[in-house]
K.L.:
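This is the structure, below, for whatever I ask next.
Naming: A, B, ... by sequence-line order, numbering from 1 per chain.
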There are 2 protein chains.
Amino acid sequence: MKRAKLSDREERILRSVIECHIKTAKPVSSSAVVRNRSVPVSSATVRNVMRSLEEKGLILQPHTSAGRIPTDAGYRYYVDNVMEPRNLTEQERADLEGGFASLATGDLGAVVAGVSRMMSDFARQLAVTVAPSGEREVIEQVKLVSLETDRILAVATTRAGLTRSAVFELGREEVGGKLADAAALVTEWLSGTPVGDAERTVKSRLGAVPEPTRRVIAALLATSPRLFRLRGAERVHYEGARYILRHPEFSHNAAFIGEIFDDEEALADLVRGHAESGGVSVTIGGENPKKEMKHMSLVVGSYRIGGTFGQMGVIGPTRMRYGRLVGLVDYVSEILDELFSGRGRRTRRSPDKAADGDRG
Amino acid sequence: MKRAKLSDREERILRSVIECHIKTAKPVSSSAVVRNRSVPVSSATVRNVMRSLEEKGLILQPHTSAGRIPTDAGYRYYVDNVMEPRNLTEQERADLEGGFASLATGDLGAVVAGVSRMMSDFARQLAVTVAPSGEREVIEQVKLVSLETDRILAVATTRAGLTRSAVFELGREEVGGKLADAAALVTEWLSGTPVGDAERTVKSRLGAVPEPTRRVIAALLATSPRLFRLRGAERVHYEGARYILRHPEFSHNAAFIGEIFDDEEALADLVRGHAESGGVSVTIGGENPKKEMKHMSLVVGSYRIGGTFGQMGVIGPTRMRYGRLVGLVDYVSEILDELFSGRGRRTRRSPDKAADGDRG
DNA sequence: CTTAGCACTCTCTAGCCGAGACTGCTAAGA
DNA sequence: TCTTAGCAGTCTCGGCTAGAGAGTGCTAAG
């Protein structure tokens, strides 16, 4: 629902109220707005304008004869029409970029953890990163390596250059020297198949395979949850609990925050679904589907690995510095895209190398 | 500092005060103790005994004319002399054992996460699990597998049956067909060496190796942090934030709890150093080195993988159900030891298999 | 040594008051 | 018509008081 455009003066006053409230966490009085010099009029005039802003639902008084605080709609107007997404300074960009280069280890779990950590440190807010589901990542090949007596390492690589591995156990006599055959066969089946379909594909082809090889593939199949699926901790990572818990406004629903921390799925759901398109999405207070979140806002962006999107974002009180955070998320999403798609995405380089390249 | 043994009546009254306080979170009055039927005397007598318990420093009054609450020393006496570590029921044991069997995937990170989750669910408290450092795990072999054009997978296995892997990049022409040679050489160097010494050992031997092989080993060496060291999230895991945040007594130092959540090292430090000996260790309130923890207690136990110990424990308010938690931690430590040492630790089975075996 | 009884202390809640902070309104001025 | 000074009105907040309730310590009797 689009709101009518405000007059210039209304906009200035709305802005002043919001920015002052973000700083002080207190209701903003007409005289405070005048003191800010955001508008060259008297407090009585400001009061009149505030009244009209209140009628439009953009600000409200907690009680008669208090100052005004922004409503969700007020923040929404501010985010959409008033604020300037703050571009990061050269220094800040350099710091972030340096950090990302050093966390590039090729291991998705470490990347996800590192992104959260850096965003959280920068924003001084809770940050969450969700890895792409990987379901639509396309498999390149599967290898089987005999480790010792009876243990076998299965390694799957994807077109985007990620690697997953898992160990399983099978007696040497059961393998009957058919390890390489089994790997070649599975690679033939799966090459070009999305990870999400791997299990089904192998299952459907298994029947036609003669016995010693078949046993090997069956054992491989049993490990597929480990080989093809990401564990919770590898898929979702948050950082910055201290910031959100420090906010006095959250001490009352600390229990909800605790539940979020414990439930990776819930956490992922919060940021998933926003910003698949590549922009930065801001969700304010009551716009959130979860009612427990009605005093929190989300700033979420996305990045892309191979064919699928992951998300990263910042969660804080509605009273947050939107301009700064939008700038941050935007820049991080840019860096991550660079990191994973490399220069022209056919080069099929491992993420660490891409980063090393960027740096030196 | 050992305290004098209390009389039977004193002990009963101390116990009554503590157990009632644990239930209600409120100061316990003399009449409440009488109501509990823990002692067949009048409230006036109870008051006299309470006075002497107060002189001994085991309980105190928040203010004149309030009931008594236990001091840390009171809890300490209770834990050491009064409470019965509650053994788990058959049902509870079965539940836990079932859970552990299902989480056995051979991946240390998943085990650590799963142990925390189960303990937390059971105890309804924050639970923390620390993986053994692995520094003293002994390497068995190192393999190198060529993945595609220019990527190589390094796999290290240890005597205890854990596997770590990492990918690095090296052009085919640079390898010069010496991949197998390099792996054999490194295995020869490292077989029997503790993981913690691996990097140093390889570095010191590298000089004497002729060139094409040398390049390969040098590249391998560059990946060693990934290959031989555990990432934070794999090493420490907590679960049950919701429980600790739900406690009203913690809302005031929520900030500290947030910091704990954010800092895996701090979390690990809290439980490390307790209970290397195999027993269950209880740390109560002010006994804790960190002053922020002066209203929290820890119940910690240890388990063993290969040569080193990991810890797992429960963190909650001093007002916690010690008997139950000691029983839990004790049982979990027993299960984990079984899971990882298998039947006779020379069988060198991967953890998942050991668990599968236990189950059926 | 135990216990009934009682005076005493301290907390907790509700209610009240005055100070302070802002507002809305009104009426005068540009 | 818009702006502004001035003022009355409203609401919060902190401090204060009073009364009820809870629980103790003490005393003296059993």
K.L.:
Calculate the interatomic distance between A:Arg47 atom CZ and D:dT4 atom C1'; express it in whole Å.
P.N.:
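Result: 10 Å.
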
K.L.:
On DNA chain C, reading 5' to 3', which nucleotide is the first and which the last to sit with an atom under 4.0 Å from a heavy atom of chain B, could you check?
P.N.:
C:dT2 to C:dT11

K.L.:
Kindly check if the number of other-residue, nucleotide or ligand heavy atoms within 6.0 Å of CZ (B:Arg246) is above 12?
P.N.:
yes

K.L.:
Is it the case that B:Glu19 and B:Tyr78 place a side-chain donor and acceptor less than 3.5 Å from each other?
P.N.:
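Side-chain D/A pair, B:Glu19 to B:Tyr78: present.
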
K.L.:
Quick one: does B:Gln61's side chain have a donor or acceptor within less than 3.5 Å of a partner on B:Ala66's backbone?
P.N.:
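Present.
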
K.L.:
Over all strands shown, is B:Thr64 touching base, sugar-phosphate only, or nothing at heavy-atom distances under 4.0 angstrom?
P.N.:
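Touches sugar-phosphate only.
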
K.L.:
Under a 3.5 Å distance rule, please check whether B:Ser116 uses its side chain to pair with a backbone N or O of B:Glu239 as donor and acceptor.
P.N.:
no

K.L.:
If you pin B:Arg51 and B:Gly67 to their nearest nucleotides in DNA chain D, which one's is more 5'?
P.N.:
B:Gly67

K.L.:
Assign the ring pair B:Tyr75 / B:Tyr322 to parallel, tilted or perpendicular, where the plane angle (0 to 90°) is split at 30° and 60°.
P.N.:
tilted

K.L.:
Using modelled atom types only, decide if a donor and an acceptor are shared between the side chain of B:Arg86 and the backbone of B:Gly327 within a distance under 3.5 Å.
P.N.:
no

K.L.:
Using the closest heavy atom to pick a nucleotide of DNA chain C for each, name whichever of B:Pro62 or B:Ala44 lands nearer the 5' end.
P.N.:
B:Ala44

K.L.:
May I have the distance from B:His63 (atom NE2) to D:dG23 (atom C1'), rounded to whole angstrom?
P.N.:
8 Å

K.L.:
Respond yes when some side-chain nitrogen or oxygen of A:Thr45 is under 4.0 Å from OP1 or OP2 of D:dT4, and no when none is.
P.N.:
yes

K.L.:
Starting from the first five and the last five pairs of the helix from C:dC1-D:dG30 to C:dA30-D:dT1, work out the angle between the resulting helix axes, to 10 degrees.
P.N.:
20°

K.L.:
Looking at B:Arg68, I'd like to know whether one of its side-chain N or O atoms comes within less than 4.0 Å of OP1 or OP2 on D:dA22.
P.N.:
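The answer is no; no side-chain N or O of B:Arg68 sits under 4.0 Å from OP1 or OP2.
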
K.L.:
Is a salt bridge present between A:Asp72 and A:Arg76, judged by a nitrogen-to-oxygen distance below 4.0 Å?
P.N.:
no

K.L.:
Between B:Ser38 (side chain) and B:Arg12 (backbone), is there a donor-acceptor pair under 3.5 Å?
P.N.:
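Such a contact is absent between B:Ser38 side chain and B:Arg12 backbone.
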
K.L.:
Please work out which residues in residues 17-38 of chain B have a non-hydrogen atom less than 4.0 Å from an atom of DNA chain C and list them by number.
P.N.:
none

K.L.:
I'd like to know whether B:Val300 forms a side-chain contact (heavy atoms from CB on, under 4.5 Å) with B:Val329, so could you lay out the CA-CA distance, the side-chain angles of the two residues, the decisive distance to 0.1 Å, and finally the verdict.
P.N.:
CA-CA 7 Å; B:Val300 179; B:Val329 170; 5.9 Å; no

K.L.:
D:dT10 phosphate, OP1 or OP2: any side-chain N/O from A:Ser65 under 4.0 angstrom?
P.N.:
no

K.L.:
Can a donor-acceptor pair be found, under 3.5 Å and without considering hydrogens, that links the side chain of A:His21 to the backbone of A:Ile69?
P.N.:
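Between the backbone of A:Ile69 and the side chain of A:His21 there is no qualifying donor-acceptor contact (under 3.5 Å).
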
K.L.:
By the definition side chain to side chain donor-acceptor pair (under 3.5 Å), identify the one residue from B:Lys56, B:Glu10, B:Glu11 that meets it with B:Tyr77.
P.N.:
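The side chain to side chain donor-acceptor pair (under 3.5 Å) with B:Tyr77 is passed solely by B:Glu11 among B:Lys56, B:Glu10, B:Glu11.
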
K.L.:
Can you measure B:Asn48 atom CG to D:dA28 atom P for me and round it to whole angstrom units?
P.N.:
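Atom-to-atom, B:Asn48 to D:dA28, this comes out as 15 Å.
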
